[in-house]
Amino acid sequence: MISGSISIRNRTGEEKHRIERPKGNLSPVWGVCFNPVREDEADVWGDVLAVVDWSRTLSFYNLAGKQVGKERHLGFDPVCVNFFSHGDYMIISGSNKEAVLYTKEGVLVGIVAEQESWVWCCKPRPDSNQVAVGCQDGTIAYYELGFSTVHSLYKERYAYRENMSDVIIQHLITEEKVRIKCRDLVKKLAVYKHRLAVQLPERIVVYELTKGDSNDMHYKVKEKINQKVECTLLVVCTNHIVLCQEKVLQCLSFQGVKEREWIMEAAIRYIKVTGGPQGKEGLLVGLKNGQIVKLFVDNPFPLPVLKIASAVRCLDLSATRKNLAVVDDTGICLVYDINTKELLYQEPNANSVAWNSQNEDMLCYSGAGFLNIKARDFPSHQQKLQGFVVGFCGSKIFCLHMNRMSTIEVPQSAPMYQYLEKKMFSGAYKVACLGVTEGDWHALAMAALEELDLQVSRESFIRIRDVPYLQLIQNFEERKKKGESDTVFLADTLAYQGKFAEAAKLYKRAGNESRAMTMYTDLRMFDQAQEFLGSDDVQDKKMLIKKKADWARNINEPKAAAEMYLSAGETLKAIEIVGENGWVDMLMDISRRADKADRDALMLCASYLKQHKQYAYAVEVYRRMGDIPSLLQLYVEARQWEEAFIVANQHPDYKEDVYVPYANWLAENDRFVEAQKAFHKAGREDEALRVLEQLTHNAVNEKRFSDAGYYYWLLSMQCLDIARDGNNQNEKMINKFWDLQRKAEIYYAYHNVHRYIEEPFTSFLPEALFNMARYLIHQMFSDTLVGVSKVAILYALAKQSRNLGAYKLARHAYDRLQNLRVSQRFQESIDLGAVTIRSKPFSDVEELLPLCYRCSTTNPLLNNQGNCCINCRQPFVHSFVSFEILPLVEFVLEDGITDEEALRLLESDSSILTEQPSWLEESGGKYQSLRIDSNIENDLDADPFTAQLMSFEEGGLEFSPVVASRSVLQSMKHSDVIISKWQSPLHYRYFRNLMPDVQITKCNSCNQLFHSDDYELQVLQKGYCPFCRYNPEESQVTDN
Ligand SMILES: [Zn+2]
Ligand SMILES: [Zn+2]
C-alpha cells in the first residue's frame, strides 16, 4: 500500500498480519510476491514474501510478518517483482528502465532487459526461462534467458555453479557433493588438484582442501584477490591464477600480483592444465586459428605444439602424454602423436574428447547423440549419449548434460574384443583390467591360451579363478621347458574345451597318437580310442581293453568288465569280479579253462567258491591243482569231517591237518571224549593230554569236583591207551594210570561231601555221607589233593558219625579238626561239637562197624592201614554210589592160568549148575535175579574158594590175596564171579560175590562196582554211569 504497509489475509479476505515498512509513507510498497519454492527447500524458503518499495529496497518477510534474510538496496525505484524458475530467481523492474535478475536471496545476477522508459511490468512465462516486460512508452518486449554453465573439472573433482551464486563440488568417484555459498554471482570457476578458484564480480576467492587427500571434500578459503577482473577463462594452478581474455593470458599470484603475460596470435578457445611441479605447471592452450601451444607458468615463452586446420574446441592429453586428441570446430576429433606430430587417426561427429586416465591407448569422445569409445586405431564402439564427455577414468565416463554431471559405467568388452581380434593379448588384458565381465575374461583367457600366450591367459584365469585351466597352464609351462611341441599344447587345450575330435586330429598331426588314445580312453569313448591304436601295438591294445574293463567295473557293469578282463588276459581281476558277485558257473568256467599251472588264478577261484559255500566246486578245483592241504583245509572249514578223513587216509602225511582241527572242533563243542580220540588219531597225544589236563585243572579250580573226577578218569584211560600202544614207558604209564584212577575216585566221592558242606540240603542219606567221608579219610591218610579239603571231610564225618552213633569216630574227627586250620564259618560249630561229643559214650554203635567178607573180622571204623581189613588186609570194595562195602572178595589166578582159560573154566562150571535145580529164578518186573536156596548154601560149605579165603597169615604185615587154582575156578559159579575185563596190558580182575543174593552191577566202561539198585537209579536219573558217564543203553545200540 502507498502507506508502506502490507496486509496478509487468508482466503476469506480476513487480515492475519500486517507489515509496516520502517519509513511509513516514505516507502510505498510497489510490489509483493510469494516465493513459489520447490518442496525440497520449503523449510527455508517456503512462504517467503519478497517486498519492493520506493525506499529502493528489497526485503523479505515470513507469514508471521517477521522480516527474514538480508534487506537489499536496489538503487532504483522498483515497481514490479516476480519470482521465476520455481523460485530460484526473481526479476525486478522499475525506474532504472531495466528488468534485473536476482537470486531468490536478492543477489544481483544480471540485467535481463534495457528499455527506453520505466519498465512497469515484468512477468516470467511459467515453466520457462522467458520473460515479458511492459514499459512506460508502450513497448512490450519478450526475452529469453540463457543460463551459461560455469564449471571446471580436474580428474575426479567437478565443480559447477548452481543458482548463480553457489558452487557445488562433486567427487565423481565417491559421489559426494559439497556446496559453497558465495552470496554473490559466480562468474568463473577453476579446479586443480586441491585448489578451487571462484571469480565473483568484485574479487577472486581461492579455496584449498583442508586435508588434501584424494577423497577429502572440506574446502576453506585460502586467499582473496580483491580485484575486479574480466576474463573468458579462469585457470588455477598450485600457486597461480591464469586469466584468459581473448588473446591474452595473464598469470597472477594469489596476492593479485601479475607475474607474467602471454599474448597469443589468435583468440584462446581452450586451456588445459597438464600438470607439472608446483609453481611450474604446464598449460595446453588451443586457439581459434587452430594453433595449439604449450605454456609453463614460470616461462615467458609459449611453445607451439601443432596447428590444425580449424579452430580448437576441445583438447586432451593422454595418460602418459604421448598422444594428443583435439576436437576442432567442424566436429572432427584428431589424434596426434605429440612427439612426431603425426596424425594417428581422426573421427567425425565429436564435440568433446577425453583420454582414459588409466589406459594410454583409449579415449572417448561424444557428439551427435553418441558416445564413442576408441582404443588405438580400432573402430570406435558407440553407445547413445546426450551431452559432453569431460572425463574418462577406468571404466567410468564423466558426462555433462544439461548442467548435470553423470557418471556412466561403460563395459570395456568391445575394445577388449578389438584387441583380441588382432591377437594383441596384453593390450586386451590392459583394457580388460578397466572392467569387463567374467565372460569377457574367460574369452580373453581362452583366446590367449589358444595362441599360447600363457602369461596373459594365466592372469586372466586368475581373475575368474578358473583353477582347472590354471593347472593346465602350469602343466604347459613345465612341459614347455622340456621342449614339447606347441601343437600338443593346442590339442590339450582343445581337449580341455571338449573339442575332442579336433584335439585328436592335432595329436595325430603332432605324431602323438597315444595321447589321443589316452584321451578317448579317459572319456570312455573306447571305439574312438581304438582308431588311434597302433596296429601292431599289442601292449596298447591290452591296456585299452583293461581300461575299458576298469570303467565297466566302475559303472557297475561287472559282467561286462569281467568278460573284458578275461579277453585282456587279466584273469585275476576277472575272477575277483566274478567271485565278488558270486557267479559260480562263471567261476567254474574260468577255473576249468585256466591252465593247471596258473595256481594264483585257480587258488582265487577256489577261495571264492569256498566263500560262496560251493564246496563241491572248490573241491574240484583243488583236486585239479592237486593241492591236498587246501583241499583238507576246505573240508575242515566246511566241517565235512568224513570226506576229510577219507582224504587224510589217502595222504597220511596230512593226517594232522585234519585231526587237530577236528579235535579242536570237538573240544569247542564239549565233545572231549571224541576230541581225545581225534587227537590220538592225529598222533597228538601230548595235545590230547594237555587239553584234558587243562580241563581238569579248571574243573578243580572251579570246584566242579564231579567233572574233575570225570576228567581224571579220562586222563587215566588215556594213560592206559598210551601204555597199550607199547612204548617203553609202559610201567610208568600204568603207575600213572592207577594214580589217576585213585584221584578220579577221590574227586568223585569228594564232590558229594563238598556239596553237603556248601549247600544246606543234600539228597544223600546220613549213612551215605558217613560212608563217603570214611572212604575219603581212609584213601587220603597219607597225602593231600588240590581242592580237596580235609576239614570238609572231617567235618562231614564228625557230624554224620555223631548222628549215627559213631561217637568214638566223631571224637577222633573233632580231635583231628582241632589241629587243622578251619575257616571261620565252621569254627564255632566244630568247637561246640568237640565239647558236646564228650558227653557221648566213648564207643561206636555196633551195627556201623564193617565186617570183613574174607576173614569175617569185625573191623573198627578207623583203620590206619587204609580201606582194608585190619586182620587179613583184604581191600574193601565199595559200591560207588552209597559207598557201602560190597560183599566181594578179589582173587587172583594161580600162576600159569591165562584170563582166557580162567573164563573158560568159569563158564564150564555153569553146565554143572544147570543140572542141579538148586536155584530159583524169580521174575518180577524188569529185573531178573538169581536166588540160591539156603539149603543149597549150606551144602556149599565145601566150596574150595571158601577154604582159600583163610589163606592169610594172621597179623601178618604183607597182604596175600586169595589165589584161585583151576579146580577152584571150576568149582565157582560163573554168576558169583564178577570180572573186570581190563584191556591189555592190564590183567582181568576177579571178584567173588560171597552174598550172591546181593545184586551187584559192574559198569562195562569204568569197571566200577555198584549195588545194582543204586546203579540203575543213577542211570535212570542221569542217563549214564555216575562215575565214567558211559551210557549203557547207547552203547547197546552201537554194539548192535
Ligand atoms: Zn579180613
Ligand atoms: Zn562206569
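Model, not experiment: these values are computed from the prediction. Counting starts at 1 for both ligands and their atoms, in listed order.
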- prompt: Checking side chain to side chain contact (heavy atoms under 4.5 Å, CB included) against Tyr1015, which of Leu1009, Thr1001, Ile1000 comes through?
  reply: Thr1001

query: Leaving waters out, which protein N, O or S atoms fall under 2.8 Å from the Zn ion (ligand 2)?
result: Cys1003 SG, Cys1006 SG, Cys1025 SG, Cys1028 SG

field: Audit row: Glu890, Arg992, salt bridge (charged side-chain N to carboxylate O under 4.0 Å, His left out) steps and yes/no
entry: CA-CA 6 Å; Glu890 187 177 1; Arg992 171 74 194 266; over 6 Å; no

task: Sort by chain and number the protein N/O/S atoms that are closer than 2.8 Å to the Zn ion (ligand 1), and list them.
output: Cys852 SG, Cys855 SG, Cys869 SG, Cys872 SG

- prompt: Taking the inter-plane angle between the rings of Tyr795 and Phe826 on a 0 to 90° scale, is it parallel (under 30°), tilted (30 to 60°) or perpendicular (over 60°)?
  reply: tilted

message: Quick check on the 6.0 Å ring-centre criterion: do Tyr1024 and Tyr1030 meet it?
response: no

message: Aromatic contact between Phe764 and Tyr756, with the criterion being ring centroids under 6.0 Å apart: yes or no?
response: no

Test of ring centre spacing under 6.0 Å for Trp713 and Tyr747: no

Glu745, His878, Lys1002 screened by side-chain hydrogen bond (donor to acceptor under 3.5 Å, both in side chains) with Gln1008, the one that passes: Glu745

- prompt: Should Asn871 and Cys852 be marked as a side chain to side chain contact (heavy atoms under 4.5 Å, CB included) after you check the CA-CA gap, both sets of side-chain angles, and the distance that decides it?
  reply: CA-CA 8 Å; Asn871 182 33; Cys852 171; over 6 Å; no

- prompt: Does the ring center of Tyr807 lie less than 6.0 Å from the ring center of Phe842?
  reply: no

